[in-house]
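These notes are about the structure you will find just below.
Note that ligands are numbered from 1 as they come in the structure, with each ligand's atoms numbered from 1 the same way. Residue numbers run from 1 in the order of the sequence given. No hydrogens, no waters, no symmetry mates; every other heavy atom, side chains included, goes into these values.
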Amino acid sequence: MYKRMYMVFILMVAAVFVGGISSASSGDMNTALKRLASENGSFEFAVIGDNRSGDGVYSKITKQIRIRKPLFVMNTGDIIPTPGNRHQWQNFWRLSKEVPRPYFLVPGNHDINNVASQEVWRDEVDLPGNETYYSFTVGKNLFVVLNSCDPRYDRMIAGEQLAWLNRTLNPKKYEHQFVFLHHPLYLWKGASHYGMSLDRYPKARNRLHNLLSRKKVNVVFMGHEHTFKKQGKIDGVEYIVTGGAGAPLYSGFNNVVFVNVDGDIIKAKTVDRNGYLRDEFYIKGP
Ligand SMILES: [Fe+2]
C-alpha cells in the first residue's frame, strides 16, 4: 500500500519536473493571459526569430532579453533545427529557462512540416487557442500569431485560419493590432528565400495582405530570412523581418527588437547580441 503510494508520488513529481523543463503548464499560461489582458499602462515586448542551430548566439540574445525584462517575448519561428525532434525541443526549453514568461512561439518550417511534427509541437508548447495560430490581448492591444506552416496549405494562410483571422482582427475594438508569422509576405531581390516564401503564391499572399490592410493592422513581424530588415509600410501595414537569433546569418547582425507601446505611440529598438543599440524607430510616431 505505502509502496504504491510512494510510486504514485514519485511519478507525480517526475511529471511536474518534465513539465517544468518543456514549457509552462496551462494554468500558468491562463494566469499570464489574464494578467496581460488587464494591463492598463505602457509596456514593452521583445521579438526574436530563427534561433535554431545557433545555441551560443541564442544564449547571448536571451541574456539581452533578461537584462531588459520585457513583459513578454515573441519568437517568429524556426525554433529547433529538425521538425518533430523532441530532443531538440528539450534543448530549446533548457536554453530558454530564463527567458521571461509568457514566451509566445510562432511555428516555422523547421518546427512543423507535416502532421506528425505538428503534433510534437502541440506536445512541447503551451500556447493559447489551438497552439498553432492564436491571439491574445494586452490591455486594448491585439496580438495575433499565424501558422504559415500548416501541412494542408503550402506557404499560405487559408481555410479556417483565414476565416478566423477575418473574425479576430477588429480595428474598432483594439487600439493597435500586431501580427506575427514565420514566412515574409514580400521579399526583396537578393533575399535567400525570394519567390519561395509567401510570395510563392502571390494571389493567396495578396488576399492576406489586403485583409491585414483593410483591418488596419499596425505591424507584421516575420522571420525565415536570417537578418533584421524594416521593409516599410505597404498600404498602411508595417512589415519587419526579425530572424537573427542564432541560425546562420544571411546578412546584417544577430538581433532582438524591443517594442514599447505607450498610449498612441509604438517605438522600437533593435539591439545586437552584445546589447549594442543598432536601430531605433517609430512603428507609430507621435
Ligand atoms: Fe524558416
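Residues Tyr194 and Trp188 keep their aromatic ring centres 6.0 Å or farther apart. Taking the centre of each ring, Phe253 and Tyr276 stay at or above the 6.0 Å mark. Checked against the 6.0 Å centroid criterion, the rings of Phe143 and Phe45 qualify as a close aromatic pair.
Below the 2.8 Å limit, the Fe ion (ligand 1) has as protein N, O or S neighbours Asp78 OD2, Asn109 OD1, His182 NE2, His224 ND1.
The pair Glu280-Lys267 counts as a salt bridge, with a side-chain nitrogen and a carboxylate oxygen less than 4.0 angstrom apart. Salt bridge present: Asp123 and Arg86 bring a charged side-chain N and a carboxylate O closer than 4.0 Å.
The local environment of NZ in Lys284 is crowded, with over 12 non-hydrogen atoms from other residues, nucleotides or ligands closer than 6.0 Å.
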